[in-house]
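A quick note: this is a predicted structure, and the numbers were derived from the prediction, not measured. The sequence lines fix the lettering, A, B, ..., with proteins before strands; numbering per chain opens at 1.
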Amino acid sequence: MKHKRMMHGNLRLRLGDFELNSGDFSLKLEGVTVLFGRSGSGKSTLLRAISGLDKRTEGSLNVKGQVWQEGKRRASPQSRNIGFVFQDAALFPHMTVRQNLMYGLKRLPKGVAPFSDAEFSEIVSRVGIADKLDRAVTFLSGGERQRVAIARALLSRPELLCMDEPLSALDWRSKAELLSLIEEVVAAYRLPVLYITHAPAEVERLADRILFMSRGRIETIETLQEALARPDSPLFDEQGAVSVLEGQPKPIEAGLRPIVMGEDSLWLPDVSELKKETVRVRVLARDVSLALSDPQDLSIINHFKTTISELIPQGDHRTLVRLQMADGQKLFAEVTAHSAQRLNLHVGQSVYALIKSVAMTE
Amino acid sequence: MLEIFGTQVNLDPIWLTLEVAAITTVVLILLGTPLAWWMAQMRSSNKVLLEALVALPLVLPPTVLGFYLLIVFNPNGPVTDFLRFFGFEGQLTFSKTGLVIGSVFYSLPFAVQPLMHAFEAIPHRLLDAAATLRAGVLDRFFSIVVPLSQRGFLVAATLTFAHTVGEFGVVLMVGGNIPGETRMVSIDIFDHVESLEYDQAHILSAIMLIFSLMVLMLVYGLNRRFGVKVG
């Protein structure tokens with residue numbers, strides 16, 4: 001069972017009327033794991049229990065072969081090599097930005113090489129706070145505070161980064177900027193991340209894996225694709241089923257951005273600059289129509305040849321059709337039950353998926 | 001003896017008062033800080049009892065506190081015996097040591113309450129953040145809690161000092177009125193008034209008035225400066 005990149009545990013924590021009782025769980029510490037659930041489901045409590053921030057935690061927690069919790073005995077948070085980014089940044093108000101950053105740096109354990117000046121500058125400019133080092137933190141905007149908090153956590157050389165709704169207090173513009181930053185940081189430092197959010201858009205953009213919580217329990221831990229494959233996925237909001245497709249962006253042609261997915265290409269009207277090698281796009285099931293032949297005289301650009309892998313009747317005379325694309329990615333289409341009957345849709349059939357609208361994940 | 005406006009005034013009681021007040025302030029900051037921190041962290045209902053105990057000297061007539069201390073400090077009692085075991089000589093009643101101990105109890109709420117409120121006002125997330133940045137318990141206390149509670153410490157020290165300077169009942173009960181030994185300024189003024197030596201009483205009172213005003217102004221001035229820096 002012991003694996004060097006695994007977290008195994010079963011944590012309990014009682015806080016007044018609320019009780020966290022995670023149940024046994026095993027989690028691969030790689031990429032981004034999103035802790036997802038309604039407010040009050042215990043996401044933050046679980047993250048605090050994992051970080052060792054609450055003395056009242058009980059149960060067991062084993063991380064990469066090290067014991068972090070056994071019964072009531074708890075390894076101190078300062079011994080766990082974690083970085084934590086709080087919802088409100090939690091910067092030390094009596095220090096400048098630089099002093100905040102140095103706080104963790106000065107307390108690195110013996111044997112862990114501190115960052116060189118060059119590395120320090122690299123992190124600071126990557127995070128975008130190089131010109132604010134000598135400011136008092138009280139004069140920073142919300143987005144800037146979170147940037148400092150992220151840099152401060154990174155500089156303490158964590159082996160696991162915990163983020164508790166880091167974007168929830170920000171306006172949409174800062175949110176978008178910080179999401180890109182987090183994505184970049186995760187890729188650059190190859191840090192496993194535990195990330196709390198209740199915004200499906202953030203999940204679709206960042207998650208490799210999702211840990212669903214409800215009433216203090218961990219319900220399931222699934223990959224993003226598995227979670228999106230469920231027709232009743234908790235990730236779907238009032239807009240209905242969503243598919244997230246992954247592909248490699250190529251240079252812009254004729255005002256459109258091609259995203260290569262195996263032999264197919266998806267054309268995006270979004271021509272903003274991209275630094276990433278892989279992008280995720282979000283397609284609403286209700287924006288996908290089906291045709292039995294490839295229509296040429298149509299304004300819709302994105303046509304894909306797909307195979308029907310499942311028909312899922314929904315209420316309201318609608319049918320959700322699960323499609324498999326040529327490169328194996330899954331795509332949902334929502335059609336009326338009437339159309340499904342008229343076209344005689346059945347599993348294994350080849351159909352063309354026409355995607356009316358598509359957007360890069362925010 | 002010093003001659004001021006043609007009147008012979010003995011300033012020893014003033015020096016003694018300042019000395020006792022200064023020692024009491026140092027002792028109370030050292031003892032009151034961990035007590036206040038402990039109380040600020042408490043969630044259980046024991047906190048109510050502890051808060052009430054700490055606040056007791058505010059309500060109790062000083063003579064009551066002094067009386068109990070006098071009983072406890074009995075030269076043949078267990079407390080004195082206990083201290084003698086550790087090499088303590090002399091006695092607690094009618095001595096400077098006794099005065100300081102009495103003042104520590106008497107001024108306890110004035111040190112603990114401002115500190116506790118200052119500690120309670122510190123967002124817990126800051127300490128959590130410090131812990132994840134590998135600061136241990138004491139490290140967190142000195143690098144985060146103390147700097148963010150500067151105001152609390154300033155208020156606690158000032159109030160303790162000022163309150164000790166102004167005490168009368170406890171001092172009289174525990175220390176008595178031995179010239180040069182336990183005669184504090186408040187008692188000295190009382191004595192002068194009793195013996196109708198109004199000139200001496202006037203001079204000592206005026207000195208205390210001016211001194212107290214100056215100390216308070218200094219502190220509020222500092223407080224304002226800290227306020228801008230911290231706020």
Would Arg80(A) and Thr132(B) count as a side chain to side chain contact (heavy atoms under 4.5 Å, CB included) here? Give the steps. CA-CA 8 Å; Arg80(A) 296 187 184 200; Thr132(B) 62; over 6 Å; no

Counting heavy-atom pairs under 4.5 Å to chain B, which of Met95(A), Arg152(A), Arg157(A) comes out on top? Arg152(A)

State, with a plain yes or no, whether a side-chain heavy atom of Asp128(B) is found less than 4.5 Å away from one of Pro77(A). no

Interatomic distance, CZ@Arg107(A) vs CZ@Arg134(B), rounded to 0.5 Å, equals 11.5 Å

Search all heavy atoms of Ala90(A) against all heavy atoms of Ala129(B) and return the closest pair with its distance. O-CB, 3.9 Å

Would you compute the distance between atom NE2 of His94(A) and atom CG of Leu126(B) and round it to the nearest 0.5 angstrom? 8.5 Å

Counting only heavy atoms closer than 4.5 Å, note whether Phe86(A) contacts chain B via side chain, backbone, both or neither. side chain

Part of Asp88(A) within contact of chain B (heavy atom distance under 4.5 Å): side chain

Is Asp131(A) atom CG crowded by more than 12 heavy atoms from other residues, nucleotides or ligands, each under 6.0 Å away? yes

Distance in Å, Arg125(B) CZ paired with Gln87(A) CD, rounded so as to fall on 0.5 Å steps: 8.5 Å

Below 4.5 Å, heavy atoms only, C-beta onward: do Ile144(B) and Phe92(A) meet side chain to side chain? yes

Highest number of heavy-atom pairs under 4.5 Å with chain A: which of Ala130(B), Gly136(B), Pro123(B)? Ala130(B)

Taking only heavy atoms into account, what residues of residues 10-20 of chain A are found under 4.5 Å from chain B? none

How long is the straight-line distance from CG of Leu105(A) back to CG of Leu133(B), given to the nearest 0.5 Å? 10.0 Å

So for Leu108(A), is it side chain, backbone, both, or neither that comes closer than 4.5 Å to the heavy atoms of chain B? both

